[in-house]
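Encoded as structure tokens, the structure appears first; notes follow it.
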Number of protein chains: 2
Amino acid sequence: MRLNPVLSPTAMSKPADMPSANPLQQLDKQLCFPLYAASRMLTKAYQPHLQELGLTYPQYLVFLLLWQYQELTVKQLGEQLLLDSGTLTPLLKRMEQKLWVSRRRDPRDERSVIVGLLPAGRDLQQRAGHVPEKLLEKLALTPAAFEALRQQLQNLLTQLA
Amino acid sequence: MRLNPVLSPTAMSKPADMPSANPLQQLDKQLCFPLYAASRMLTKAYQPHLQELGLTYPQYLVFLLLWQYQELTVKQLGEQLLLDSGTLTPLLKRMEQKLWVSRRRDPRDERSVIVGLLPAGRDLQQRAGHVPEKLLEKLALTPAAFEALRQQLQNLLTQLA
DNA sequence: ATAAATTTAATTGCAGGCAATTAAACTTTA
DNA sequence: TAAAGTTTAATTGCCTGCAATTAAATTTAT
């Protein structure tokens, strides 16, 4: 049995022995797998750039929103990022420990927690300024291909959520 | 400040207050985020179907390969799934505990661990037969759109790995 | 043949994700 | 207004992912 790496699909040969009975049950016929793998590999591509700043990929996503809006509730962050408090609460606590963000109850609605930028978190925006360009480079997509893919993924996301 | 959910991009309005200085530092201009979110949402869409069978999404991916090839080394699984032993070893141990797979050293190369299907794991193939169709339904993509997206993601994956 | 280098899994430690539950604050309803 | 229902975060417990290290087996180079 010869298995070729998933990264050279053109060189991928059929398995010599009994194939899967259900042709839809093949990894290389799935949409889910390239989506899953590409997402992880893209996150990994961010890693070296983000590591310099001491932050992780989901923390970076939180910052993208905070840099834009200055402050957001946990609920708003969750709506934008499609993450729940089980993920966000501990993540935000780690960001709070680093003095990047503040967390306080909304006085007008004590159920809500408002997450705001602290100076150190604000300063990170400049230092992270080169990150998008670096990644765009790595992707090596034309603007049109980039936008087309972004749009398809956005549609898929809308369909799934 | 009004924030619209990420799922209604058409209704997304510009923030009323000071926008991000760097236009590339906006969540809705990124490719990374829809990829990241779509991947998680698609995994979540598998969840109810896989839960009936007692398996998780990455375990399902391992099964897709094992159903096709009967047995693979940890290294081969890692090459196909782009996962390392730090992820695979504990995952495979859990699958072993459920008597779905066997793990044994290759007698011809004691460094390698061969993962093989046990009867209970083999039986799961039939029971999981409907999963791809269910998901295809949920995606609501034409075959052409499905294939186009799959191809683009595969290309992205190749570029990133 | 043996020392050095490489390959393969396992281990450790940390940070997500997420389902399910809990608790508190607020809103709606009777 | 009191009770019931809803909303919002936090918590718990489990399963990934992944970087870094370790240990054993194998291969390569000397």
Side-chain angles (χ1 to χ4, degrees), chain A residues 32-33 36-48 50-52 54-62 72-79 81-98 100-101 103-115 160-161, chain B residues 32-33 36-48 50-52 54-62 72-79 81-98 100-101 103-115 160-161:
Chain A
C32 64
F33 175 67
Y36 160 81
S39 173
R40 286 186 297 113
M41 292 305 106
L42 186 51
T43 298
K44 205 180 289 192
Y46 275 89
Q47 225 278 324
L50 298 181
Q51 184 165 28
E52 289 177 16
L55 44 80
T56 65
Y57 178 70
Q59 289 170 5
Y60 174 68
L61 295 181
V62 168
L72 292 167
T73 64
V74 172
K75 177 180 167 56
Q76 288 173 316
L77 285 169
E79 283 171 356
L81 300 177
L82 304 181
L83 292 171
D84 71 7
S85 66
T87 300
L88 286 174
T89 296
L91 184 155
L92 292 168
K93 282 182 176 175
R94 283 188 287 271
M95 295 177 76
E96 188 182 34
Q97 280 195 324
K98 298 199 171 196
W100 286 337
V101 302
R103 296 183 327 123
R104 61 186 195 285
R105 293 279 165 181
D106 183 342
R108 290 172 309 178
D109 184 343
E110 291 280 345
R111 288 172 304 181
S112 296
V113 167
I114 298 174
V115 181
L160 286 173
Chain B
C32 64
F33 174 68
Y36 160 81
S39 172
R40 286 186 299 113
M41 292 305 106
L42 186 51
T43 299
K44 204 179 289 192
Y46 274 89
Q47 226 277 326
L50 297 181
Q51 185 166 28
E52 289 176 15
L55 44 81
T56 65
Y57 179 69
Q59 290 170 2
Y60 175 67
L61 295 180
V62 168
L72 293 167
T73 65
V74 171
K75 178 181 167 54
Q76 288 173 315
L77 285 170
E79 283 171 356
L81 300 177
L82 304 181
L83 292 171
D84 70 7
S85 66
T87 299
L88 286 173
T89 297
L91 185 154
L92 293 168
K93 282 182 176 174
R94 284 187 286 270
M95 295 177 75
E96 188 183 34
Q97 280 194 324
K98 298 199 172 196
W100 287 337
V101 303
R103 297 184 328 124
R104 61 186 195 285
R105 292 279 164 180
D106 182 342
R108 289 171 310 180
D109 184 342
E110 291 280 344
R111 289 172 305 182
S112 295
V113 167
I114 299 174
V115 180
L160 286 172

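So you know, we letter chains A, B, ... as the sequences are listed, proteins then strands, and number each from 1.
- Nearest-nucleotide assignment on DNA chain D puts the 5′-proximal partner with Ile114(A), out of Gln51(A) and Ile114(A).
- Judged by distance alone with a 3.5 Å cut-off, a donor-acceptor contact links the side chain of Ser85(B) to the base of dA10(C).
- Summarising the geometry, the separation between CG on Leu92(B) and C1' on dA10(C) is reported as 12 Å, rounded to the nearest angstrom.
- Between Arg105(B) and dT8(C), a side-chain N or O to OP1/OP2 separation shorter than 4.0 Å is absent.
- With rounding to the nearest 0.5 angstrom, the CG atom of Asp84(B) is 12.5 Å from the CD atom of Glu79(B).
- Taken to the nearest 0.5 Å, the CZ atom of Arg40(B) stands 6.0 Å off from the CG atom of Leu82(A).
- Computed from coordinates, the Leu72(A) CG to dA9(D) P distance equals 11 Å when rounded to whole Å.
- Considering only side-chain N and O atoms, Lys93(B) lies under 4.0 angstrom from the phosphate OP1 or OP2 of dT11(C).
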Quick one: which protein N/O atoms are closer than 3.5 Å to N/O atoms of nucleotides 26-28 of chain D? Pair and distance per line, please.
from	atom 1	to	atom 2	distance (Å)
dT26(D)	OP1	Glu110(B)	N	3.0

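- Taking both residues in full, the closest heavy atoms of Leu160(A) and Ala38(B) are given as CD1-O, 3.9 Å, listed atom of the first, atom of the second, then distance.
- Rounded to whole Å, the distance from CD on Gln47(A) to P on dC18(D) is 10 Å.
- The CZ-C1' distance, from Arg104(B) to dA25(D), rounds to 18 Å in whole Å.
- One finds the CD atom of Glu52(A) at 10.5 Å from the CD atom of Gln47(A) (value rounded to the nearest 0.5 Å).
- Remark: C1' of dA15(C) and CH2 of Trp100(A) are 13 Å apart, rounded to the nearest angstrom.
- For the atom pair CD (Gln51(A)) and OG1 (Thr56(A)), the distance works out to 11.0 Å, reported to the nearest 0.5 Å.
- In this structure, Val74(B) and Val115(B) have side chains that are in contact, with non-hydrogen atoms separated by less than 4.5 Å.
- The nearest whole Å value for the distance from the CG atom in Leu50(A) to the P atom in dA19(D) is 13 Å.
- Rounding to the nearest 0.5 Å places CD1 of Ile114(A) at 14.0 Å from NZ of Lys75(A).
- Between the OH atom of Tyr46(B) and the P atom of dC18(C) there is a distance of 16 Å, given to the nearest Å.
- Between Leu81(A) and Tyr36(B) the shortest side-chain heavy-atom distance does not fall below 4.5 Å.
- Taking Arg111(A) as the reference, Asp109(A) meet the side chain to side chain donor-acceptor pair (under 3.5 Å) condition, with sequence neighbours excluded.
- For Tyr60(B), the ring pair (Phe, Tyr, Trp, His ring centres under 6.0 Å) partners at least two apart in sequence or on another chain are Tyr46(B).
- Taking side-chain N and O atoms only, Thr73(A) has a distance below 4.0 Å to OP1 or OP2 of dA9(D).
- In this structure, the helix from dA1(C)-dT30(D) to dA30(C)-dT1(D) shows an angle of 20° between the axis at its start and the axis at its end, each fitted on 5 base pairs and rounded to 10°.
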What pairs of nitrogen or oxygen atoms, one from the protein and one from nucleotides 14-17 of chain D, lie under 3.5 Å apart?
from	atom 1	to	atom 2	distance (Å)
dT16(D)	OP1	Thr56(B)	OG1	2.7
dT16(D)	OP2	Gln59(B)	NE2	2.8
dT16(D)	OP2	Arg94(B)	NE	3.2
dT16(D)	OP2	Arg94(B)	NH2	3.3
dT16(D)	O5'	Arg94(B)	NH2	2.9
dG17(D)	OP2	Tyr36(A)	OH	2.5

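- Note: NZ (Lys75(B)) to P (dT7(C)) measures 8 Å, nearest angstrom.
- The shortest heavy-atom contact between Leu61(A) and Cys32(B) is CD2-SG, 4.4 Å.
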Enumerate, atom names and distances included, each donor-acceptor pair closer than 3.5 Å involving a side-chain atom of residues 86-98 of chain B, sequence neighbours excluded.
from	atom 1	to	atom 2	distance (Å)
Thr89(B)	OG1	Ser85(B)	O	3.0
Glu96(B)	OE1	Arg103(B)	NE	3.2
Lys98(B)	NZ	Gly54(B)	O	3.1

